Amino acid sequence: MEETFSRSLVDISRLYKLSEDELKVVENSDRAAEDLAVPEYEHYLKHEFNSEAPGILAKYGLLGISINKEYGGLQMNPIVSVLVKERLGQLGLGISSFINVQMLLCAQTLQRWGNADQKKNYIPKAVKAENIYAFGLTEPEAGSDPASMQATYEEKGDAYLINGTKYLISNGTIADYMIIFAHKKSSQKEITAFIVDAKSQGVSRTALHEKIGLFTSDTGMIELDNVSVPKENILGPVGKGINVAYSALLNARLGVASSCVGVIEGSLKATVERSKSRVQHGKEIGKHQLIQQHISAIRQNLEMAKWPVYYAALRKAAYEKDYADKQLMADTELRISLAKRIASRLAFESADRAVQVHGGFGYSLISPVGQLFCDSRVARIYEGTDEIQDLKIAESVLGRDFAAYK
Amino acid sequence: MLVDFGGEEEFNAPIETVRDFVSDTEKVASCIPDSGNFSKIDTNHFTMSIEPGLGIVKGSLPLHCTLENENANAYTYLIEGKGLGSEVKMKLSINLYQKSSTTGVKWQSSIEIKGVMSGIGEAMVRKVTQEYVDKIIINVQLRIKGK
């Protein structure tokens, strides 16, 4: 019975055989989830960043799953990352968001685009959580269309001066280093990525607490006022930063999708438990047929969400072996868009059903399903909105000539 | 919600010492963390309060406790509490047995939780309760050692 709503290694074994080392990492995520459950819950109620999360995740090696061994990582197949995030997603999306930013958006991006010194200097500290990282792409006026960003850079001697505002940035106020995207002052199209020390003169940060969920994730606004960044801190090719950004988003998008599978599992677990213990009208509510309908729907959602996520992870594994294969890249992007679009919608719907089964108690942050409900809404927005995924999916069907944006 | 726990501990003391300890309600109560207001009703009954700390379930929870002494080596504590929007019933069974120079203690507890606390979810309640039980065992070990 448990198999049907816990992360099922039986299911994944039908697609991929986990090695002993991979299985150990997956088991470590179970231990991490047990260690994190109570602090995550407590910090959630206080609406504050779960400061214990980075240390616990690093202790179990979970910030280095997709990072090469030479930088202190575990160098594992993306499917392992998916299974880990699926388990942690049962606790909500706060921890998941931290991993997304620290490992998938930043460390993995440094690994793909960084030079030897950058990799050596920044990645091991990300894996050990000795430094916290943030990814500064979104701006107040540039969300789904990052290429329209207004942050600028201009060359000045041996450095670049960056000006602009980055908005709704996860880890924004706690990061030691930030990957900041800006366009050349004289050319909107020439976007470049920079590694910026958060202590640099001209950096000011403001915490954004007024969210409707995701309370254990730090969210901030970063203002850059003539911030001088040494030239050696350019990440990836000059003027091609948008490719750096999109590759990072692809990693994180799959991360969001896998956590959403966890949200569905968390919703189902809590709902089953509640249905068996709560008595109304003289019997356990699980014996009422309309409650069974919710349980059936969440169970269906789990089935519908996890397979596209697993399949996308396997496509991504193939793509990571050959970044030059454009066809594989297009298919991987499509699979990840499908996975995120499906899993995020079903996660929100499942959490909503779980709240319904929990009644008034569910409509409260004291209730874990209330937390899942509030958290899961953002999954339909961050790392590419539902609408952006729809456009990508539709384009794959209609053809490039019908692309809504080019 | 029903949460079951069990375990086996070894105490570095003769069985008589451990027996004296587990049958003394005041000594046992003193090992419960974040507790207070102990009041002995008679040899086998007492009241006290504990302060659970999970989410909004924080504050003082009054408990009524009964010790049932089945035989010299078998003891059962029945603990009931109501407050903080929750209701807790716990049955703790303790069985002592002689080892060469030490005492073995087998224990089994079953906790029934209703109300707000139960809605938080079994996994989390289990984790918090396990930590609480671990602290009690450490305290008992220390007290028996005379520390």
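Values reported hereafter were calculated over all heavy atoms of this structure, with side chains retained and with hydrogens, waters and symmetry mates removed. All values derive from a computational prediction rather than experimental measurement. A note on names: the letters A, B, ... follow the listed sequences, proteins ahead of strands, and every chain is numbered from 1.
In this structure, A:Lys211 places its NZ atom where more than 12 heavy-atom neighbours from other residues, nucleotides or ligands lie under 6.0 Å away. Few gaps surround NZ on B:Lys127; more than 12 heavy atoms of other groups in view lie less than 6.0 Å from it. Counting heavy-atom neighbours within 6.0 Å of A:Lys24 NZ, excluding the residue itself, gives a total of 12 or less. For B:Asp24, the CG atom counts as densely surrounded, since its 6.0 Å shell holds more than 12 non-hydrogen atoms of other residues, nucleotides or ligands.
Taking all atoms of both residues into account, the shortest heavy-atom contact from B:Met124 to A:Pro368 is CE-CG, 4.1 Å. What you find for B:Ser118 and A:Glu273 is that their closest heavy atoms are O-OE2, 4.5 Å.
For residues 354-366 of chain A, heavy-atom neighbours of chain B at less than 4.5 Å comprise A:Phe361, A:Ile366, sorted by residue number.
For residues 76-89 of chain B, the side-chain hydrogen bond (donor to acceptor under 3.5 Å, both in side chains) pairs, not counting sequence neighbours, are B:Glu70-B:Thr76.
Rounding to the nearest 0.5 angstrom, the gap separating the CD atom in B:Gln130 from the CD atom in A:Glu34 is 10.0 Å.
No side-chain heavy atom of B:Glu131 sits under 4.5 Å from any side-chain heavy atom of A:Val38.
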